Amino acid sequence: MSGQNNDNTVLIIGAGFAGLSAGIYARMNGYRAQIFEMHDKPGGLCTSWNRSGFTIDGCIHWLVGSSPETVMHDYWEETGLVPESEFIYMDEYARYETKDGRTLIFYSDLDRLEKHLLEFAPEDEDNIREFIKAVRMCLRLDQPSVKAPLFKRIAKMIKMILFFTVNGNKLKKWMKVTGTEYTSRFRNKDLQQALNELWFPEFSILFLFFIFAYLQKKNAGYPLGGSMPMSEKLEKRFINLGGEIHYKKKVVKIITENDKATGIQLEDGTIINGGRVISAADGYTTIFKMLEGKYTDESIRNMFDNWKLFPSLIFFGAGVNRTFGEIPLAVSGFSFPLKEPVVIAGERIERLPVHLFNHDPSLAPAGKTALTVMLHGNYDYWKNLSTDRPAYEREKAVIAEQIISLLEQRFPGISGQVEMTDVATPVTFERYTGNWKGSFEGWLLTPDNADSMLKPLPQGIPGLRGCYLCGQWIEPGGGLPTGVLSGRRLIKSICREDEKKFRTTTGS
Ligand SMILES: Cc1cc2nc3c(=O)[nH]c(=O)nc-3n(C[C@H](O)[C@H](O)[C@H](O)COP(=O)(O)OP(=O)(O)OC[C@H]3O[C@@H](n4cnc5c(N)ncnc54)[C@H](O)[C@@H]3O)c2cc1C
């Protein structure tokens, strides 16, 4: 990534959060930014869709950086998401109902969580105390907002340096422990299983500690209105800054000359030239299709050969004519045990995770509720099935019926209240967002790549000038904040290449 560039046009592939962020920061710094998006809407995975008066939200559970005390909040102000968004905070992260009728609650408040876990599983006192201690350690990792008074920022920066000096090795140790390794030490099987269910078992456990640290600090609220309004806010900010966005424009090729990116080619054959190309689209497509696999190195091959993917999903949505006042709001919902294990599209499940959107009245008519169920989907199974459209549609209808009958076990009578159902499969995710194998968040953050939490991955393409990556395929762990950080960091480094001071503004 070096060398001055005379053409100040930046061609950006993809209008997900990362592409929009790159566009926004490019405009703030005087580049001509053009986004090419294959869909007809902004947001990529951060999306929602309307069905029969209900809105199915396909993404947002929580947004890290909702607290004005934090530097991430500054970036949301720069990208136009705040102050326009109203956040709510839930008392619980998740609920886990056991086979013997008990309920394990993962409270957002740490003291309450510790007390409850100790009551639930006193035999795990040592493990619970260690868990809470690790979360408390993460609480102290805190980069202050640039709006904080200077003395406060300096004090916090000194605290951070001290923090890393004292705790750096502990952080590194936890980074290298997977969820499965960590939870195996718990004696209480329900607690062990529930912790495994909270996040991906292959994930670095450090991330789980951060989840509870964010909750405790009220730094991960739910933005009322859900996903699509968030994406529209970033789109608006980009356009208001003078950015150009072109929908229904699928990019098939990044054009190169003498190992320098010079433009892009669209599906209809149109060629657009520009000084730089940023792909904020799927990583595999970018490297192996748009660039035909000509620019790779050992580390890129290692990524695609060995790193683990967030799975693809069967994403069920329903609109029901009832409310669920008896079930408290929880960031990621609740799960209950099934009377008998069942097989859904080839996958055996013993519990059903349900996300009730009773906290957001904008997603359903009064007195009604939108709910979703997310299950792991087997990409190859669905890809094969999708070649026979009627069979694919039949399977989706069967799944909708199966899930409703499972919900009936927990909510007797619900089948008579269902007004709408919708099933998205791994193929749906692939078709709408292009993400490799329908993965819903790119790379899992595992001990293999957790170092990227401390040292971000390079955003250039080996051997190719003027071409860059941003978004979840270059940010293990994925997520909306990392998408925005990725776009911001990239434009900052492009400014550095051009020997320009990186500038930001706030607004909508
Ligand atoms: C069910 C679910 C729940 C989630 N919950 C949360 C949450 O609570 N909090 C959170 O922070 N994150 C959450 N995420 C993750 C978050 O949505 C993603 O990590 C993030 O949106 C990824 O942004 P991105 O811009 O990197 O990629 P994407 O959103 O995938 O954007 C890529 C864009 O590129 C476009 N594109 C692809 N190929 C081409 C092409 N050839 N030509 C033109 N355009 C192309 C796509 O259409 C898409 O718009 C969730 C995701 C899902 C699916």
Side-chain angles (χ1 to χ4, degrees), residues 11-23 34-48 56-66 72 76 81 93 199 211 214 220-223 226-228 230-231 234-235 245-254 264-267 277-286 289-290 310-317 331-333 353 355 372-377 424 426 428-436 438-443 445 469-487 490:
L11 307 175
I12 299 166
I13 309 169
F17 262 48
L20 288 166
S21 162
Q34 289 186 278
I35 298 181
F36 296 84
E37 164 57 50
M38 66 178 184
H39 197 14
D40 58 2
K41 294 177 184 60
L45 287 161
C46 185
T47 195
S48 37
I56 302 170
D57 199 297
C59 176
I60 194 72
H61 294 68
W62 67 340
L63 190 73
V64 173
S66 61
M72 190 65 224
W76 292 128
L81 197 77
Y93 178 70
W199 203 238
I211 289 183
Y214 293 139
Y222 169 84
S227 298
M228 190 41 104
M230 295 169 65
S231 297
L234 266 72
E235 180 205 42
I245 189 156
H246 309 278
Y247 288 111
K248 295 187 170 176
K249 300 287 176 202
K250 183 172 181 173
V251 176
V252 290
K253 191 172 178 177
I254 295 174
I264 53 175
Q265 184 179 336
L266 305 181
E267 200 173 29
V277 176
I278 295 175
S279 178
D282 168 61
Y284 184 88
T285 312
T286 305
K289 294 189 177 163
M290 295 180 198
F310 273 88
S312 48
L313 298 175
I314 298 172
F315 194 90
F316 168 82
V331 175
S332 84
H355 193 189
T372 61
V373 171
M374 267 167 55
L375 300 173
H376 290 193
T428 321
F429 278 83
E430 184 187 48
R431 184 157 42 94
Y432 278 107
T433 68
N435 279 293
W436 191 38
S439 165
F440 83 92
E441 219 169 309
W443 306 117
L445 188 73
L469 300 173
C470 72
Q472 62 181 12
W473 291 95
I474 202 78
E475 308 284 346
L480 301 168
T482 38
V484 163
L485 286 170
S486 188
L490 177 55

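Read the numbers this way: they start at 1 and go in the same order the structure lists the ligands and their atoms. Start at 1 with the first residue, then count along the sequence. Only a predicted model underlies this, so the values are computations on that prediction, with no experimental measurement involved. Only heavy atoms go into these numbers, but all of them, side chains included; no hydrogens, no water, no symmetry mates.
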- Message: Are any of the N/O atoms on Val251, whether in the backbone or the side chain, positioned under 3.5 angstrom from an N/O atom of ligand 1?
- Response: yes
- Message: Taking only non-hydrogen atoms of Lys249, do any sit less than 4.0 angstrom from ligand 1?
- Response: yes
- Task: Specify the protein heavy atom at minimum distance from atom 52 (C) of ligand 1: its residue, its atom name, and the distance to 0.1 Å.
- Result: Phe440 CD1, 3.4 Å
- Would you call Tyr432 a ligand 1 contact, heavy-atom distance under 4.0 Å? yes
- Note on the structure: heavy-atom search around atom 47 (O) of ligand 1 in the protein gives Glu37 OE2, 2.6 Å
- In terms of residue, atom name and distance, what is the protein heavy atom nearest to atom 44 (N) of ligand 1? Met38 N, 3.2 Å
- Task: Ignoring hydrogens, just give me the one of Lys289, His61, Glu441 whose non-hydrogen atom is nearest atom 8 (O) of ligand 1.
- Result: His61
- Query: Can you tell me which residue and heavy atom of the protein come closest to atom 29 (O) of ligand 1, and the distance to 0.1 Å?
  - Reply: Leu45 N, 2.8 Å
- Determine, considering heavy atoms only, which of Ala281, Ser21, Ala22, Pro42 sits nearest to atom 36 (N) of ligand 1. Ala281
- Message: Is it the case that ligand 1 has an N or O less than 3.5 angstrom from some N or O of Phe17?
- Response: yes
- Message: Side chain or backbone, does Cys59 bring an N or O within less than 3.5 Å of an N or O on ligand 1?
- Response: yes
- of all protein heavy atoms, closest to atom 20 (C) of ligand 1 is Leu480 CD2, 3.8 Å
- Message: If I compare all heavy atoms of Trp473 with all of Ala281, which pair ends up nearest, and what's the gap?
- Response: CD1-O, 4.1 Å
- Task: State if Gly43 counts as touching ligand 1 under the rule of any non-hydrogen atom under 4.0 Å.
- Result: yes
- Tell me, please: is Ala280 in heavy-atom contact with ligand 1, that is, under 4.0 Å? yes
- Query: Should one rank Ser312, Ala18, Gly44 by closest heavy-atom distance to atom 25 (O) of ligand 1, which comes out on top?
  - Reply: Ala18
- Does Glu475 come within less than 4.0 angstrom of ligand 1, counting non-hydrogen atoms of the residue? no
- Message: Can you classify the ring geometry of His246 versus Phe36 as parallel (below 30°), tilted (30 to 60°) or perpendicular (above 60°)?
- Response: parallel
- Close approach of Thr285 to ligand 1, heavy atoms, under 4.0 angstrom: no
- Which protein heavy atom lies closest to atom 2 (C) of ligand 1, and at what distance to 0.1 Å? Gly58 O, 3.3 Å
